[in-house]
Amino acid sequence: MVVLLTGMAVRTFDRSRVVRFRFAAAVCVAVFALLARTTAADAAESSSSGCAPKSCNAIDPNKLNVHLIAHTHDDVGWLKTVDQYYYGSNKAHAPYGVQYIMDSVVSELLKNKNRKFVFVETAFLWRWWEEQDEWNRNSLKTLVHEGRLQLLHGGWVMSDEAVPHYSTLIDQMTLGLKFLNETFGECARPRVAWQIDPFGHSSEVAAEFAEMGFDGLVLGRIDHEDLALRKQQKTMEMVWRPDVNMGQGGELFTSVLYNLYVAPEGFCFDAFCNDDPILDNPKLHGYNVNAKVENFANHVKRYASAFKTNNIMITMGGDFSYSVASSWFRNMDKLIKHVNILKPDLNVLYSTPECYLSALQMSSKNVTWPLKDSDDFFPYAHDEHSYWTGYFTSRSNLKYMICKANNLLQAVKQIGSILGGELNEHVQTLAIAVAQSQHHDAITGTEKQHVSDDYAQYLDEGIGESQKVLTAAYRKWFGKDFPEQQYCKMLNISECDVSENNSKFVITLYNPLSRAVTTPVRIPVKYADYKVTGPNGANVPYELVFLPGQIFRLGGRTSNATHELLFIASEVSPLGLVNYHVERINEPEPPPRPMPYNSTEDVTIDNGKLKIGFNGISGLVQWIEKNGTRHQLQQNFFFYESMKGYNFNADNRASGAYIFRPTKSQPTAISEKINLTIYRGKNVHEVHQSFSSWLSQVVRIYDQQESIEFEWLVGPIPIMEWIGKEVITKYATKIASNGTFYTDSNGRRWMQRKRNQRSSWNLTLTEPVSSNYYPITSSIAIRDAIHQATVITDRPQGGTSIEDGTLELMLHRRLLYDDSQGVSEPLDENQYGEGMVTRGKHILHFNELDKAAKAHRLSALHTAMQPVVTLAPTHMGSNEWVSKFSATHKLLNNSLPLNIHLLTLEHWRKDQVLLRIEHIFEKDEDRFLSLPETINLQQLFSQLEVLEYKELTLSANLAKADLDRYRWNYSDKPQRPELNAPLPDNLLTPMAIKTYLLTVKPR
């Protein structure tokens, strides 16, 4: 169940602080019109027809070729909102405007055919394109087709790699690349991924880029020790195999930039830089050509010492560079001219990453590239005390809101695919909002507060638009009198207007999973007698569960709900919906709230499958029992005191939005004595724990379930003593984990982590806690030869295993100092005159090792893609409702196998839908569920007949049959042998994702 469709849609920002942009609604409608166009150059239907040859300036095999990469790095929100950055408004925070950058670059490129430039962020390109006349559009098309302006990367944004869910990463790339294809044709298809600013790099993202057909990947940020060693060993470029089981299709040539992504010192020619231009008229004072050339040649020599070949890239640009493009290009023209004259061993040229890789292909036939296997680039530190591991948790509520918006997006895309595109503009509004929130200064929580508010507002607007899709679909299936659907946006604080203020209402659940689900439904209500009627007209058992006490003290909560109405929705069909009629019968006098437990005797709750024991004195969980065997399990809350500092040097580094740096390695327990309140019901058993006035928790087990829910409520974090705090929860077991733990990579593959170790270099241990923190998108686990303990999260968080047998997750942060990484603002979120409150959930699985994968995979998927719950008031009684409206509906004929997930189903264009299906298990992690599966596409849908289908790359911008990637020589290590015959196109092997363009008609 989507417990909060907008995360903290209201609680994450005060609307009075947020400027509403009329542009917001207009752009979302306009993008639908543009994305919906069909062009002859669609990726799935053409390869390279109609493209002029992309010329690359000549390299010299006998010289050191210096590829100048003219670029601008334009954040889709950071110090300013995305629209402020585009227009150039709010100059107090930054003077730049991307529209002026585009104007200036296009004008300068047209003056000289040797000049080249790369542009990345499709979110900005789309905005600019919408405003141009035909002359400017045709000028840009010419530059793109000739390769003079390379549309690099192609995603809607340059996404973060640590915390987004893999489905959002695929979607935001697909959205951007579809715009490029439908605007510029195949000529614009990027061949190189450009991830120069994200704060560490994920193996899952690398695997996705490989499957999208990219020839290479360029990185900017890797750990300072890793970088120094790679420069020394000339391993700045490598073949990355994020999963060796993928074979050649998963290989990705990867290049690390020498100087992050900025120009060499002394050669920033931007209007906002202080470096001198090249003064090359000897008749005038200040002539500096010789000095400039010598300085540049020294930079080149230093760069070249770190690379294997006679080709190197030097970036010429930076954040929002090229507002005055002439200042760059005129000086680079001179630089190229004079260096090539005065330094005959150098060949300096305008280039692009695509031209650079082409040069490597031609000139490095005998080069053996190093390998990076089944590994990633986390965590990132830029010096010995600056580990960028705080952002894994920063802005917990925004992270949750993005997750819930993505959950909803997948559902409305599925439903919209059946509607044939008639309401696709509303789907696109949400798709754009979710895509831009994947930016590496959005979901990370590393933006200014007013920018975070703007992301939340865009998401809220998109969520509101999506209600129209659900209402239209339900009326199509159930009749035009079916009521308008409403989300309970404030379920995370147990508030819902429809259920509290109407005596009769209907709850509708849509299940976005490709298997039937049974799920609890919890809706806030007043205390009363209720009647719940199911889809077949039968009464559904329910119970009223009292709300945790801290809920009533939340600032901004106006609800009069005192309980949650709980019932179990059984076997909701795959891609199907069901509704329940609820009627308030009468309102007796509510009973008093349960009294806190007042005994020193231990407390036990038991659901028939699982028992949990609580210590009667401390109030803490102390053991669980499964199958008659008791296992130690302790759980408690702590906080790390945040390091203060003014960032004069590494030793003075403060903990901030990016960086996590505690003052000491041992956290402080929040409370030694916890008050308990106990609820034992028919479907659920709960123990409510109160740790302090600002932290409480519900420990919950549902009937016959083998997992435990820990629902925590944290905040406002007190700062009276002017100390920032980073709040964690810790689970302690007797599992002999031997310094090893496992974290998910963007919600998919497990990554093995070794405490105090790195696979690529010998770690210098200066920050024993933060250096061991890793991003958790959905799961973290420890195991030994017998058992595995896994925690599923409902949002991205930082996590670790600092001691054997323990799992530690950071829940919330409130900081009073900035870490000096550019945002210039402490991470001190406030609302309703106090610090931000966050509420979330962990699901703990404790399993025998051979059962752990199934429990973890299915639970993580269900948590990420919960049934979408909408409500609607009604005047009808239950009998009239059941007789008038068919209560169930489904889009799939049958459930797919447990190991197969329908990842994407969305309207593509008239008579076509995009389908992605995936195998969710890794190789050999389950005896049965890791086996391959075959899917019959023609028999998949109940309402669509599949006439034909074509397999595409993962990003859906190229037919898989047309994919032709570069091959690279590398050192000989075992890998999966390539098959002599291709696999059937509908066979899914472990971790495979298949993408299809289906031509369909209604059944």
Side-chain angles (χ1 to χ4, degrees), residues 165-167 169-170 202-214 239-252 373-376 513-515 742 744-752 778-779 850 852-854 856-858 860-861 894-905 914-940 949-956 958-961 963 965 967 973-998:
H165 193 263
Y166 67 96
S167 62
L169 293 167
I170 295 169
S202 150
S203 64
E204 176 59 29
V205 173
E208 289 179 8
F209 284 147
E211 293 192 293
M212 289 175 183
F214 286 101
V239 174
W240 190 357
R241 300 191 301 188
D243 183 347
V244 294
N245 295 308
M246 294 173 67
Q248 292 176 356
E251 297 170 0
L252 189 65
D373 278 354
S374 302
D375 193 12
D376 62 10
L513 294 179
S514 48
R515 58 181 172 87
Y742 300 84
D744 69 296
S745 183
N746 304 105
R748 288 200 91 217
R749 295 168 173 84
W750 279 125
M751 299 297 299
Q752 186 185 78
S778 70
S779 311
D850 62 342
K854 179 180 178 180
H856 150 244
R857 292 289 176 188
L858 299 182
L861 182 58
N894 298 293
S895 290
L896 295 182
L898 281 180
N899 53 1
I900 301 300
H901 171 53
L902 192 151
L903 177 62
T904 304
L905 178 63
L914 185 71
L915 171 71
R916 289 190 185 94
I917 49 178
E918 64 166 329
H919 198 303
I920 64 171
F921 282 75
E922 292 192 64
K923 186 175 183 287
D924 298 331
E925 72 174 347
D926 187 273
R927 182 180 176 187
F928 301 106
L929 295 174
S930 290
L931 297 175
E933 293 283 353
T934 301
I935 304 300
N936 187 330
L937 299 180
Q938 277 88 357
Q939 300 301 317
L940 200 55
Y949 61 89
K950 179 183 293 186
E951 187 174 359
L952 310 179
T953 57
L954 181 61
S955 48
L958 185 70
K960 191 72 174 286
L963 180 60
R965 299 174 67 220
R967 298 292 306 276
K973 282 191 177 181
Q975 64 171 349
R976 188 186 76 171
E978 294 301 315
L979 299 173
N980 294 326
L983 294 172
D985 63 6
N986 55 354
L987 178 71
L988 285 145
T989 55
M991 283 285 107
I993 302 176
K994 295 275 192 174
T995 304
Y996 300 97
L997 185 65
L998 308 181

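Just the heavy atoms: all of them, side chains too, but no hydrogens, waters or symmetry mates, feed the values below.
When atom types are taken as modelled, the side chain of His165 and the backbone of Arg748 share no donor-acceptor pair closer than 3.5 angstrom. Side-chain atoms of Thr995 never come within 3.5 Å of backbone atoms of Ala956 as a donor-acceptor pair (strictly under, hydrogens ignored). Judged by distance alone, the side chain of Arg965 and the main-chain N or O of Glu251 form a donor-acceptor pair under 3.5 Å. Of the possible donor and acceptor atoms, none in the side chain of Trp240 sits under 3.5 Å from a partner among the backbone N and O of Gly250.
The side chain to side chain donor-acceptor pair (under 3.5 Å) test applied to Arg749 returns Glu204, Asp243, not counting sequence neighbours. Applying the side-chain contact (heavy atoms from CB on, under 4.5 Å) rule to Ala860 yields the partners Ser778, Ser779, Ile792, His856; only residues at least two apart in sequence or on another chain are considered. For His901, the side chain to side chain donor-acceptor pair (under 3.5 Å) test picks out no residue, with sequence neighbours left out. For Glu925, the side-chain contact (heavy atoms from CB on, under 4.5 Å) test picks out Trp750, Ala853, Arg857, Phe921, Glu922, Ser930, with sequence neighbours left out. Not counting sequence neighbours, Asp926 has no partner by the side chain to side chain donor-acceptor pair (under 3.5 Å) test. Listed by chain and residue number, Thr740, Tyr742, Lys754 satisfy the side-chain contact (heavy atoms from CB on, under 4.5 Å) test with Gln752 (two or more places apart in sequence, or in another chain).
Contact of the Leu903 side chain with the Ile170 side chain is registered, since non-hydrogen atoms from C-beta on lie closer than 4.5 Å. Within the 4.5 Å cutoff, no side-chain heavy atoms of Ile900 are placed close to those of Arg515. Inter-residue side-chain proximity for Pro897 and Ile935 is flagged as met; some heavy-atom pair is nearer than 4.5 Å. Contact of the Asn245 side chain with the Met991 side chain is not registered, since no non-hydrogen atoms from C-beta on lie closer than 4.5 Å. Between Arg927 and Asp850 the shortest side-chain heavy-atom distance does not fall below 4.5 Å.
Across all non-hydrogen atoms, the minimal contact from Leu169 to Glu208 is CB-OE1, 3.5 Å. Nearest heavy-atom pair across Met212 and Leu954 is CG-CB, 3.9 Å.
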